[in-house]
Chemist: 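Take this structure first; my questions come after.
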2 protein chains.
Amino acid sequence: MLTTWWQNRLFGAGYRLTAPREIVIDILIETDNHLSVEDIYVKALKINPSIGLATVYRTLDLFAQIGIAQKFDFGDGKARYELTDNPKKDHHHHLICIRCKAIIDYSDFMKEELRLMDKTQAALSQKHQFKIMHHTIHFYGICEKCRKSH
Amino acid sequence: MLTTWWQNRLFGAGYRLTAPREIVIDILIETDNHLSVEDIYVKALKINPSIGLATVYRTLDLFAQIGIAQKFDFGDGKARYELTDNPKKDHHHHLICIRCKAIIDYSDFMKEELRLMDKTQAALSQKHQFKIMHHTIHFYGICEKCRKSH
DNA sequence: GTCCCTGCAAACTTTTTGCATGAAA
DNA sequence: TTTCATGCAAAAAGTTTGCAGGGAC
């Protein structure tokens, strides 16, 4: 039986393959963006109604630790997660409304941004002896709708 | 009597000048980085022991809305705030440890980053009709200490 | 068989809200 | 004098933890 990239990571870091972990990964794989923990939990319940919320939290935290997923905080009070490498969605950054918390993904200037990010990352890794796993770029402002509704 | 830049912003947006707002601004001005709400509250209590935590939350949220301060979420479960323009601290970005939540400020490649950010910001403002107020760049990874303590 | 992982419930932390009082304009 | 803002307390929301039973290897 074939082991997938994420199973390799799990085993490589000394963890076991369990049903909840498979369910959470499947949900992340088939979704294209930033689900909240609650979102993931609700989807997981439909697959296995006995899964616990605490397990979902623990699983997502584990995935972030071993680099399978990224944790995002957009300032709306809930953590969100996204696969580190999602075949359904290219690398992108975010535009966030500080009023209504809407999130818009963008990928303009990605090539230039990534070139600069790679360079910066290399320098920072070296200088601070950090093992950098990912980065985020967020622009905060007020969206069209919120500007109009004053 | 002279009105300061932040007072102008307050009045301009139709808000009143109150003691708690002055206290919070003073704390932000004299500190150079990302204080948590609790940090700010504790400092405020020393100046005026009757100030309420809820007021600090409301004040900081207001400051973020009108562009006086920036709200940051580093993934440690608490919001942090920093002045938008702090004379004591140049523009910088962040390196965050996903294990111990340590935050390191950096300002390498700032000139290049800012040039690219300005360009991106202009394009995004236009394209999405967003009024962009600020941006953040975060690198996430594992710090030297956490790597060593496995 | 051993040790890790899970589900459940309770606890904890951070943030928000309602409301009567008090202060700014 | 009219609103707006505050302080307090209670509630809500999100996340973490302890523990006993069950499952992966």
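The chains referred to below are lettered A, B, ... by the order of the sequence lines, with proteins before strands, and numbering in each begins at 1.
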Chemist: For D/dT15 and A/Y57 - does any side-chain N or O of the residue sit under 4.0 Å from the phosphate oxygens OP1/OP2?
Modeler: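 Yes, within the criterion.
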Chemist: Taking all atoms of both residues into account, what is the closest heavy-atom pair of B/S107 and B/H91, and its distance?
Modeler: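 So the minimum-distance heavy-atom pair works out to CB-O, 3.9 Å.
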Chemist: The side chain of A/L17 lies closest to which of these nucleotides: C/dA25, D/dC25, D/dT6?
Modeler: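 Selected nucleotide (nearest to the side chain): D/dC25.
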Chemist: At under 4.0 Å, does any side-chain N or O of A/R21 touch on OP1 or OP2 of C/dC5?
Modeler: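 Yes.
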Chemist: Any side-chain N or O of B/T18 less than 4.0 Å from the OP1 or OP2 oxygen of C/dA23?
Modeler: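 The answer is no; no side-chain N or O of B/T18 sits under 4.0 Å from OP1 or OP2.
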Chemist: Closest approach of B/D73 and B/A79, non-hydrogen atoms and distance?
Modeler: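 Minimum heavy-atom contact is OD1-CA, 4.3 Å.
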Chemist: Taking five pairs at each end of the helix from C/dG1-D/dC25 to C/dA25-D/dT1, what angle separates the two helix axes (nearest 10°)?
Modeler: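 Helix axis angle between the two ends: 50°.
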Chemist: For the side chain of B/T59, starting at C-beta, report the closest nucleotide among C/dT6, D/dT6, C/dT14.
Modeler: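 My answer, after comparing the listed nucleotides, is D/dT6.
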Chemist: For the pair A/H138 and A/F72, name the ring-plane relationship: parallel under 30°, tilted 30 to 60°, perpendicular over 60°.
Modeler: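 Parallel: the ring planes of A/H138 and A/F72 meet at under 30°.
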Chemist: Can you tell me which nucleotide in C/dA23, C/dC5, D/dG7 comes closest to the side chain of B/R58?
Modeler: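 Shortest atom-to-atom distance from the side chain points to D/dG7.
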Chemist: Charged N to carboxylate O below 4.0 Å: is that the case for B/E112 and A/K119?
Modeler: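 Judged by the 4.0 Å cut-off on N to carboxylate O distance, B/E112 and A/K119 do form a salt bridge.
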Chemist: In whole angstrom, what separates B/L45's CG from D/dC8's C1'?
Modeler: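 To the nearest whole Å, that distance equals 13 Å.
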Chemist: A/L62 has an atom CG; how far is it from atom P of C/dC5, in whole Å?
Modeler: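 In whole Å, C/dC5 P lies 8 Å from A/L62 CG.
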Chemist: Calculate the interatomic distance between B/Q65 atom CD and D/dC4 atom P; express it in whole Å.
Modeler: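 So the CD-P distance, B/Q65 to D/dC4, works out to 17 Å.
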Chemist: Rounded to whole Å, how long is the line connecting atom CG of B/D39 with atom P of C/dT15?
Modeler: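 Interatomic distance, CG of B/D39 to P of C/dT15: 11 Å.
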Chemist: Using the benzene-type ring in the case of Trp, are the ring centres of A/H135 and B/H93 under 6.0 Å apart?
Modeler: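 Not close enough - the centres of the two rings lie 6.0 Å or further apart.
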Chemist: Can you tell which of D/dT17, C/dA23, D/dC25 lies closest to the side chain of A/A54?
Modeler: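 Output: D/dT17.
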Chemist: Send over the distance from A/K78 NZ to C/dT14 P, rounded to a whole Å.
Modeler: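 Taking atom P of C/dT14 as the reference, NZ of A/K78 is at 19 Å.
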Chemist: By nearest nucleotide on DNA chain C, pick out whichever of A/G14 and B/D73 is the more 5' one.
Modeler: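 The residue whose closest nucleotide sits nearer the 5' end is A/G14.
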Chemist: Compare the minimum distances between each of D/dG7, D/dT6, C/dC5 and the side chain of A/R16, then state the nucleotide with the smallest one.
Modeler: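 Selected nucleotide: C/dC5.
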Chemist: Of B/G77 and A/T55, whose closest DNA chain C nucleotide lies nearer the 5' terminus?
Modeler: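 Whichever sits nearer the 5' end wins; that is A/T55.
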Chemist: In terms of heavy-atom contacts, does NZ of A/K101 have more than 12 from other residues, nucleotides or ligands at under 6.0 Å?
Modeler: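 Yes.
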Chemist: Which nucleotide in the set C/dA24, C/dT15, C/dC19 lies at the smallest distance from any side-chain heavy atom of B/L53?
Modeler: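 Looking only at side-chain atoms, B/L53 lies closest to C/dT15.
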Chemist: Rounded to whole angstroms, how far apart are CZ on A/F11 and C1' on D/dC25?
Modeler: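 Going from CZ in A/F11 over to C1' in D/dC25 covers 9 Å.
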Chemist: Measure from the ring center of A/F74 to the ring center of A/H94 and say whether it is less than 6.0 Å.
Modeler: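 Yes, ring centres under 6.0 Å apart.
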Chemist: Rounding to a whole Å, what distance do you find between A/E38:CD and D/dA12:C1'?
Modeler: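 Answer to the nearest Å: 14 Å.
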Chemist: Pick base, sugar-phosphate or nothing for B/A79, based on heavy-atom distances below 4.0 Å to the nucleic acid.
Modeler: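 Sugar-phosphate: the residue B/A79, judged by heavy atoms under 4.0 Å, touches backbone atoms but no base.
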Chemist: Between A/F63 and A/R21, is there a side-chain heavy-atom distance shorter than 4.5 Å?
Modeler: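 A side-chain contact exists here, since the closest heavy-atom pair is under 4.5 Å.
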Chemist: Whole Å only: how far is the OH atom of B/Y41 from the P atom of C/dT14?
Modeler: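 To the nearest whole Å, that distance equals 13 Å.
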